[in-house]
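Because only heavy atoms are used, hydrogens play no part in the values below, and waters and symmetry mates are left out as well, while side chains stay in.
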Amino acid sequence: MILLSDPRIAAVPVGDTGEALIDLREIADLRVDERLADAAGAYAHLREGTAERLLAAQRALPDGLRLLVVEGYRPLGLQAEYFQGYRDELRRRHPDWDAERLRVEASKYVSPPEVAPHSTGGTVDLTLCTADGRELDMGTAVNATPVASADACFTWSPRIGPEARRHRTVLGAALLAAGFVNYPTEWWHWSYGDRYWALSTGADRTRYGPVDLA
C-alpha cells in the first residue's frame with residue numbers, strides 16, 4: 001500500500017493542463033451533498049476533465065444508483081489545517097510516536113499539504129445513493145478515521161459486511177473504468193490527474209497541480 005507520505009509521491013513532477021475549476025452544482029446530472037459546504041462553495045468544484053469522468057462513472061452505475069459528491073476542491077490552507085489537526089490528535093493518543101511516525105499515520109487519513117490531492121481540483125470524496133438521495137451502506141461513514149473505524153475505512157477492509165463490500169465494489173468498478181484511482185485507506189477518495197494518480201498509472205507527470213479558486 002502506497003501512502004501519500006511516501007517520498008515517491010512528492011517526487012512526481014507537476015504538470016498542469018490549465019483546465020478551469022467548475023461548479024458541480026451547475027451540472028444537473030450530478031448530486032452534490034452539502035455536509036462540508038463552505039461559504040465560497042469550494043467543496044463543490046472540480047477540474048473540468050474530472051467532472052467529465054464523474055459523469056462517465058455515473059453512467060456506468062447500475063440503474064437506480066447515483067454518485068453523491070461530498071467534497072471536491074479543498075484550498076491548500078484548509079488542507080494544512082486538517083492535516084495538523086489529525087496529526088495533533090494522533091500525538092495525544094500516542095505520545096511515544098516520533099514525528100515521522102505521526103506523519104505517516106496521519107497520511108492514512110489526511111494528505112500532507114505538500115502533496116495535497118484535493119488542492120489540485122482533481123480529487124473527489126463521494127459515495128453512492130439511490131435516485132431519491134438515500135445513501136447506501138458503505139461500511140463506514142464518509143471521512144471515518146482509521147482510529148475510529150478500526151481501519152474499516154480502508155477500501156478492502158475485511159471488517160465490513162457483504163452488502164457494504166458489494167457497494168464498494170460497484171462504486172470502484174465505475175470509477176476505475178472512468179480513469180480514477182483510489183486511495184486505499186479511504187474508500188470514498190478517488191483522484192484523477194494528481195500525483196497519486198500519476199504514480200499509480202505510470203504517468204510521467206501530473207495533469208493537475210495546486211490551483212486557487214478564482
Side-chain angles (χ1 to χ4, degrees), residues 4 14 16-55 57-58 66-90 92 106-136 138 140-149 153 171 175 180 182-183 185-197 206-214:
L4 282 160
V14 175
D16 200 297
T17 64
E19 290 175 20
L21 289 167
I22 63 172
D23 193 336
L24 303 184
R25 295 170 297 183
E26 298 176 358
I27 302 176
D29 289 339
L30 288 176
R31 187 183 292 267
V32 182
D33 186 88
E34 295 185 349
R35 73 190 74 176
L36 293 178
D38 59 286
Y43 79 105
H45 286 72
L46 284 175
R47 298 284 190 134
E48 184 176 7
T50 307
E52 291 172 354
R53 284 167 174 77
L54 278 187
L55 289 168
Q58 183 160 269
R66 300 276 301 276
L67 297 176
L68 180 63
V69 174
V70 175
E71 186 178 21
Y73 174 72
R74 184 185 298 159
L76 195 54
L78 183 58
Q79 181 69 35
E81 180 182 322
Y82 283 170
F83 183 78
Q84 292 163 7
Y86 188 57
R87 184 186 57 194
D88 290 347
E89 177 186 335
L90 292 176
R92 289 190 293 271
S107 75
K108 293 179 180 178
Y109 179 60
V110 187
S111 169
E114 61 270 22
V115 295
H118 280 281
S119 299
T120 69
T123 296
V124 61
D125 293 340
L126 42 64
T127 187
L128 286 175
C129 67
T130 60
D132 60 2
R134 179 179 59 83
E135 290 184 46
L136 272 57
M138 305 297 286
T140 75
V142 173
N143 288 331
T145 68
V147 171
S149 71
C153 60
L171 178 67
L175 290 163
F180 289 91
N182 173 242
Y183 190 47
T185 64
E186 300 178 342
W187 61 261
W188 57 84
H189 177 111
W190 293 83
S191 63
Y192 174 80
D194 64 359
R195 277 176 157 142
Y196 199 86
W197 168 87
T206 68
R207 288 182 60 80
Y208 308 137
V211 64
D212 291 325
L213 182 63

Discussion item. Using only atom types and a distance under 3.5 Å, with no angle test, would you say the side chain of Ser149 pairs donor to acceptor with the backbone of Cys153?
Written reply: yes
Practice prompt. Flag the pair Leu54 / Trp190 as yes when at least one side-chain heavy-atom distance between them is below 4.5 Å, and no otherwise.
Written response: no
Practice prompt. Looking only at non-hydrogen atoms, find the nearest pair between Pro75 and Ser119 and report the distance.
Written response: C-OG, 3.8 Å
Response to the item:
Closest non-hydrogen contact found for Tyr73 with Gly121 is CD1-N, 4.0 Å
Fill in: Main-chain N/O of Arg207 paired to Tyr192 side chain as donor or acceptor, under 3.5 Å
no
Worksheet entry | Asp194 bridged to Arg47 by N-O distance under 4.0 Å | no
Discussion item. Rounded at 0.5 Å granularity, tell me how far CG in Leu67 sits from CG in Leu128.
Written reply: 6.5 Å
Worksheet item: Is Asp38 atom CG crowded by more than 12 heavy atoms from other residues, nucleotides or ligands, each under 6.0 Å away?
Response: yes
Practice prompt. State, with a plain yes or no, whether a side-chain heavy atom of Ile27 is found less than 4.5 Å away from one of Ile22.
Written response: yes
Item to complete: Give the intermediate values and the outcome of side-chain contact (heavy atoms from CB on, under 4.5 Å) for residues Asp16 and Thr206.
Response: CA-CA 7 Å; Asp16 200 297; Thr206 68; 5.9 Å; no
Worksheet entry | Side chain proximity check, Thr123 to Thr50, heavy atoms < 4.5 angstrom | no
Worksheet item: Is there side-chain contact between Tyr109 and Val147, with at least one heavy-atom pair below 4.5 Å?
Response: no
Discussion item. Tell me whether Gln79 contacts the main-chain N or O of His118 through its side chain, where contact means a donor paired with an acceptor under 3.5 Å.
Written reply: no
Worksheet item: Which residues satisfy the ring pair (Phe, Tyr, Trp, His ring centres under 6.0 Å) test with Tyr183, sequence neighbours excluded?
Response: His189, Tyr196
Fill in: Interatomic spacing from OH in Tyr208 to OG1 in Thr120 - rounded to 0.5 Å
8.5 Å
Worksheet item: Quick one: CG on Leu21 to CG on Leu213, what's the gap to the nearest 0.5 Å?
Response: 6.0 Å
Worksheet, complete the sentence: Distance col, row Arg66:CZ vs Asp132:CG, nearest 0.5 angstrom, shows 10.5 Å
Worksheet item: Which heavy atom in Pro113 sits nearest to a heavy atom in Leu76, and how many Å separate them?
Response: O-CD1, 3.4 Å
Practice prompt. Could you grab the distance from atom OH of Tyr86 to atom NZ of Lys108, nearest 0.5 Å is fine?
Written response: 8.5 Å
Worksheet item: Backbone N or O of Glu186 within a donor-acceptor pair of the Asn182 side chain at under 3.5 Å?
Response: yes
Worksheet item: Does Asp29 offer a backbone N or O that forms a donor-acceptor pair with the side chain of Gln58 under 3.5 Å?
Response: yes
Discussion item. Working note: Leu171 + Leu136, criterion side-chain contact (heavy atoms from CB on, under 4.5 Å); need CA distance, chi angles, decisive distance, verdict.
Written reply: CA-CA 11 Å; Leu171 178 67; Leu136 272 57; over 6 Å; no
Worksheet item: Could you state the interatomic distance from SG (Cys129) to CD (Glu135), rounded to the nearest 0.5 Å?
Response: 7.0 Å
Worksheet item: What residues, two or more places apart in sequence or in another chain, satisfy side-chain contact (heavy atoms from CB on, under 4.5 Å) together with Val142?
Response: Arg35, Val70, Thr127, Trp187, Trp188
Item to complete: Quick one: closest heavy-atom pair of Gly209 and Val14, and the distance?
Response: CA-CG1, 3.7 Å
Discussion item. When you compare the side chain of Arg74 with that of Leu36, does any pair of heavy atoms fall below 4.5 Å?
Written reply: no
Worksheet item: Val69 versus Asp125: any side-chain heavy-atom pair under 4.5 Å?
Response: no
Worksheet item: Residues in side-chain contact (heavy atoms from CB on, under 4.5 Å) with Asp23, at least two apart?
Response: Arg25, Glu26, Ala44, His45
